[in-house]
Amino acid sequence: MTDFLPRDTPVQLVDTTGAFSADPVYPTPAPDALVDGYRSLVIGRRVNDQCNALVRQGRLAVYPSSHGQEACQVAAVRVLDADDWLFPTYRDTVAVMLKGVAPAEATLMLKGDWHGGYDPHVHNVAPQATPLATQLLHAVGFAHAAVLKGESTVVLAMCGDGATSEGDFHEALNFAAVFHLPVVFFVQNNGFAISVPLSRQTAAESLAHKAIGYGMPGERVDGNDLAALLSVLGAAVDRARSGGGPTLVEAHTYRMQAHTNADDDTRYRDGSEVRAWADRDPLLRLRTHLRREGLLTEESEASFTEAADSIAATLRDALNTDAQLDPDDLFRFVYATRTPQLEEQSALLDGELRRTGQEAQA
Amino acid sequence: MTDFLPRDTPVQLVDTTGAFSADPVYPTPAPDALVDGYRSLVIGRRVNDQCNALVRQGRLAVYPSSHGQEACQVAAVRVLDADDWLFPTYRDTVAVMLKGVAPAEATLMLKGDWHGGYDPHVHNVAPQATPLATQLLHAVGFAHAAVLKGESTVVLAMCGDGATSEGDFHEALNFAAVFHLPVVFFVQNNGFAISVPLSRQTAAESLAHKAIGYGMPGERVDGNDLAALLSVLGAAVDRARSGGGPTLVEAHTYRMQAHTNADDDTRYRDGSEVRAWADRDPLLRLRTHLRREGLLTEESEASFTEAADSIAATLRDALNTDAQLDPDDLFRFVYATRTPQLEEQSALLDGELRRTGQEAQA
Amino acid sequence: MTMIQDRPMAASANRETMTMATAVNRALGDAMADDDTVLVFGEDVGALGGVFRVTDGLTARFGERRCFDTPLAEAGIMGMAVGMAMNGMRPVVEMQFDAFAYPAFEQVVSHVAKMGNRTRGRVRMPIVIRIPYGGGIGGVEHHCDSSESYYVHTPGLLVVAPATPQDAYSLLRSAIRSPDPVVFLEPKKLYWAKGEVDTSLEVPIGAAHVIRAGTDATLIAYGTSVPIALAAADAAEEEGRSLQVVDLRSLTPYDDATVDAAVRSTGRAVVIAEAPGFASVSSEIAARVSERCFSWLEAPVRRVTGFDIPFAPPKLERYYLPDVDRVLDAVDTLNWDA
Amino acid sequence: MTMIQDRPMAASANRETMTMATAVNRALGDAMADDDTVLVFGEDVGALGGVFRVTDGLTARFGERRCFDTPLAEAGIMGMAVGMAMNGMRPVVEMQFDAFAYPAFEQVVSHVAKMGNRTRGRVRMPIVIRIPYGGGIGGVEHHCDSSESYYVHTPGLLVVAPATPQDAYSLLRSAIRSPDPVVFLEPKKLYWAKGEVDTSLEVPIGAAHVIRAGTDATLIAYGTSVPIALAAADAAEEEGRSLQVVDLRSLTPYDDATVDAAVRSTGRAVVIAEAPGFASVSSEIAARVSERCFSWLEAPVRRVTGFDIPFAPPKLERYYLPDVDRVLDAVDTLNWDA
Ligand SMILES: Cc1ncc(C[n+]2csc(CCOP(=O)(O)OP(=O)(O)O)c2C)c(N)n1
Ligand SMILES: Cc1ncc(C[n+]2csc(CCOP(=O)(O)OP(=O)(O)O)c2C)c(N)n1
Ligand SMILES: [Mg+2]
Ligand SMILES: [Mg+2]
């Protein structure tokens, strides 16, 4: 059972200099997967940059950036089949888009138009969860239902290091293990929960050490090494799909920017720490490796940049358009059928809008 | 850090035949402690028997018996100093009494007179908690305050196997570890949470395996072996007192009777399983051992029985007396000072009682 | 496994006298038989059949996959139900007692209640949360709360509280068919009260009804307080006062039309509820009736509710619980000289 | 470390203009300086000084032992506070946003609220639960709930909601000195509004006050709705109607005497609250006023509240929030021909 314990050091395939070393246990991803992954990294970074810009321009209300964590974002999606489900957090907008959700829909909540912007069933992406760790239980229930229906869906559920302290984290991992469900719990340990450092979240050697307490394997992986992430998460997905039950994977990464634009990270961390992590950047490292291996050409790089440009443009266009919002939507979805009370209340609002002539502009 | 993992088999000093074998790590309790512990076992068993009888006679509303778990009850108290605090559950009435609470006060809640019957600060026993695992957090807070005040209090917090599945269990252990607090978490794994067997609570090899996920040591101990319990819990208390932080101890024991008198355990377990555990009875085993060692005489046994008789008589007397209850108590303690609303409401009740002449009989 | 569809109940009348506990059990069994996406889970609902035996026999009949015990964690149960509902199931979860539903509060308020709205109706939550609630059974602390106001105040939840075996059966069938989450409050003290049940009878969520005609004043009750209202009306009759009784059955949606018509017909009203009265369902009823029936009212709307204190210990609960005398006292204050 | 004792505030007047956020910060600092059993903890309250900077500087001034960050777990924070209170401390905990207090609900309802009663007053819970609440800041889902009704309905809790820097300062001082647990609701949208604060001024919990004289109708408000009530009264004045405004400040205990006197003086009342109205604090106020001022009322008590829906997304919140026009519309319905 001690094989449920993670390694002493995170699994790494490509080091910070871009050098590759094979792992005795985890397979080496195919070159194609790495090139394709690199393309997604470029796009992910660009999405983060663009969204930050849109916040500055007042087009997004708020944006929790995954700058520095793009390898986690990419890997979380790449290891899944189209039928598999992703349960993301507020910070995983890049992953949501990479799973297929249109930029305009993925950012609609952050724009402030509605509480969510996409249909979860189109691309198999649950709503981005704000209340921490709650979505892990939804992932467990989703997987449980899939098993009952005889479907081979794998569910990958994401959360941060801070969220591991919540009771729901515990209950989710325990339920998944007891019911032996095909769930991969993927913790992006980026060192901080807003201002609170990891040392305030756990006294354990690693977050992955928690797995053995639930009777599932735990593993640690370098969260800025896309190759290692693809390999470790891929193995967890394979185990889940083949009836091997859940896995806890902890990625060691770093939140390079403030928690959100509303945060001031100079109050709680040293610029030098941030700069040190810049050297471990997931893009740089994979780029160096791929170029060294001759897997990346000027043309492909140019085409990746172009793809990123195009998504950024789509984002800008989407967010620079003010949608026609219908105030009556406030009452439309609370229940499948409006209650008599909501009928009265929407009539009240409607009357107000008519009287003030707002219904047209709304 | 893997030394935080529990042993493969529970620590045992006295086996089911009463034979003793020393442990390479855990010290052997002094003969006196064992004899004194045996006395408490006899009392504890008698308390359980008497309370069951009082339920049948309708004097107690309900009684969750610790029959079969008396060694845990005794050890939990014996390892503590008088200044240390105990945080018990509804099933730990024997431990509450052994810590010094008078039988009448310890059973007042079960009698139905009030929600609690003793002053926690007199014998350093928190109220018996009903909502599962919630008290573990109170224990953590209590210990934290003690540390801030520079006091050397150790806190021992009890819970059942079922309660380990609750989010509060997770949060309590994590807080204790992060703040490095002097708390001993003592899980009485009696195999069931009402009807639900341990296999539905965890897929882990043991509950003690959870400790490493918090960065604290975990240990498993034979919960029907008082000697082993005293030794393992004693070591945990020592570690806590000397600044070594929290420990998780799992005792393997068995609930010999139904969950409470309201429960029908034939619906979910086999009589044969119960009978098999009778052979591991904590009293029998220690008695055999002590007699073999010449530590138990006819006279001492008789005196223990007498002590048990006397407590049983006190219990009967207390519960056969109907206390004068004051309905106005309902309003008296909700706040330190009654709100105007409660003043009005108690006046209303008072008026009713006067009109119907009930205030005298009440 | 088929996806759920609203379907009419079988037309064949099937009348039988049974307890409310049996009626709930029957509704669960019938719903599970009709629709294999209906799942029952919670603490002790499997082999034991629930601490009140309400799920008795379901595992034997439908198997471990359809009715099963979970680890002991209410947030876990509720959160799992959310995920299952996202994936096409209709979970019916049991919270063992009222106060033991509180650990699941955040899942209920932030997800069960809001998921449909959040997703613009794309992901509905056809979840039923069964909660044995209320006192009158001599239960110890945490076993007797009337927690309906927390749920009723939460937009996105439907809340019902039957008072008879018939309504328990029919409303639970409606609740399980509902696309929206329903908090289904089962009055513990009425579990063993018997009544006739016609399993073909449909009772929609949101429909109150007048269960006793009367002309002098209207008693408004639900769940645990319905038998008290009826008994009070009987007692008042002996004193020559004719009291009408409305059983709300559903708290959300609330049936303004039925209640308003009833109160307007008598001009006087007393609301009866076991829960602490402050900022509660009964406050809402009193406020609404006062506002909507203002010019019909001969007297202020009175409330007979639990006191604003934690539920009483067993030996004192009779002082806490609304009873016939307290209702009659309230009726006496209704400005009869007007 | 000394045990807490109630002590009078320093007599020296100290007036200064500051924001409500600063007033809360000042109250925390002054209370910690006065009594070393006062502890502040929660998520991000240490180095960061809280996401609203309300705890700014406290760790620097009083050290890590007195003001500190916890692991990210609200039930954990609340349960730890219970244990600390049992051991002589006066914890002031911060829930980062209204909706993020829900995971702590069971600790609040089953322990914080009930421990004193359970132990017959032997173990009191001098805990303050600070909750930045309400909308009007363009916040996304889960950041704008007005959750006061859950707490007000729970016996054993005191609940206050200041609307000015002065009340925020003085009520927080009172809350920290209270032997009973206080849910302290801080209107987020008023954090940056400025006002004069006299730190020697005592405001007891449970005292409403009339903050604007008026003769035609009474507006009853608290927390976020107070500025709306005042603005509505100003607007009405221009139209020749004299509106009185009562700021409740405390929701539990509720100040019947002040409210009743006010409403009786005008004969008309409108309750204003941002929370969904159904089964809420505003229901209670409307019900009480309707009952207790029955023969003084010229018109039914009206409520202007949030709709019974989840809080609106940022771009739609202006349609959700009670505003001056909605209040004036309600006032217009108060049967002025009577
Ligand atoms: C239940 C709950 N409590 C508090 C918050 C407020 N909050 C939002 S993000 C955050 C920090 C989360 O840290 P972590 O889990 O490490 O994720 P990260 O933001 O680093 O990706 C907090 C405290 C919340 N969203 N939900
Ligand atoms: C939060 C909560 N949920 C449910 C219950 C109802 N309940 C009381 S005891 C019990 C089983 C507890 O099992 P365990 O923790 O193993 O303790 P044991 O009774 O075996 O001593 C349950 C489900 C409760 N008391 N609290
Ligand atoms: Mg983080
Ligand atoms: Mg057990």
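What you see is a predicted model, and the numbers here were worked out from it, not measured in a lab. Lettering follows sequence order; numbering is per chain, from 1.
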Handout entry: Distance under 6.0 Å and angle within 45° of ring axis: D:Arg118 vs B:Trp114
Key = no

Exercise for the section: Check whether B:Val178 gets within reach of chain D through its side chain, its backbone, both or neither, counting any heavy atom under 4.5 Å. Expected result: side chain

Handout entry: Per-residue contact mode, B:Val155 against chain D (heavy atom under 4.5 angstrom)
Key = neither

Exercise for the section: Below 4.5 Å from any heavy atom of chain D, which atoms of B:Ala139 appear? Answer side chain, backbone, both or neither. Expected result: neither

Exercise for the section: Run the ring-centre check on B:His144 versus D:Phe41 and record whether the distance is less than 6.0 Å. Expected result: no

Handout entry: Selection from D:Thr252, D:Val123, D:Leu157 maximising heavy-atom pairs under 4.5 Å formed with chain B
Key = D:Leu157

Handout entry: Heavy-atom side-chain contact between B:Arg332 and D:Asn117 under 4.5 Å
Key = no

Exercise for the section: Would you mind checking which part of B:Thr337 comes under 4.5 Å of any heavy atom in chain D, side chain (CB onward), backbone (N, CA, C, O), both or neither? Expected result: backbone

Handout entry: Residue B:Leu330 versus chain D: region with a heavy atom under 4.5 Å
Key = backbone

Handout entry: Region of B:Ala172 in contact with chain D, defined by heavy-atom distances below 4.5 Å
Key = neither

Practice task
Determine whether D:Thr119 and B:Phe333 make a side-chain contact, defined as any pair of heavy atoms from C-beta on separated by less than 4.5 Å.
Solution key: no

Practice task
Would you check if B:Val122 and D:Arg122 make a side-chain contact, meaning some heavy-atom pair closer than 4.5 Å?
Solution key: no

Exercise for the section: Take B:Asp119 and D:Arg120 through the salt bridge (Lys or Arg N to Asp or Glu O under 4.0 Å) test and state the conclusion after the steps. Expected result: CA-CA 8 Å; B:Asp119 182 342; D:Arg120 303 178 71 87; over 6 Å; no

Problem - Side chain to side chain, B:Gln341 and D:Asp256, heavy atoms closer than 4.5 Å - result: yes

Problem - For B:Ala126 against D:Met86, the heavy-atom pair lying closest together - result: CB-CE, 3.9 Å

Handout entry: Test salt bridge (Lys or Arg N to Asp or Glu O under 4.0 Å) applied to B:Glu344 and D:Arg292, step by step
Key = CA-CA 13 Å; B:Glu344 282 186 10; D:Arg292 302 165 75 102; 2.9 Å; yes

Exercise for the section: Measure the shortest side-chain to side-chain distance between D:Met115 and B:Pro120 over non-hydrogen atoms and say whether it is less than 4.5 angstrom. Expected result: no

Practice task
Taking the side chain as every heavy atom from C-beta outward, state whether B:Tyr335 and D:Pro179 have any atom pair closer than 4.5 Å.
Solution key: no

Handout entry: Side-chain heavy atoms of D:Glu106 within contact of B:Asp168, under 4.5 Å
Key = yes

Exercise for the section: Look only at the side chain of D:Lys114 and the backbone of B:Val334, and say whether a donor-acceptor pair between them is shorter than 3.5 Å. Expected result: no

Handout entry: Identified side chain to side chain contact (heavy atoms under 4.5 Å, CB included) counterpart of B:Leu137 within the set D:Met78, D:Gln107, D:His111
Key = D:Gln107

Practice task
With the side chain counted from C-beta on, respond yes when B:Phe142 and D:Met89 share a heavy-atom pair under 4.5 Å apart, and no when they do not.
Solution key: no

Handout entry: Structural part of B:Tyr118 lying under 4.5 Å from a heavy atom of chain D
Key = backbone

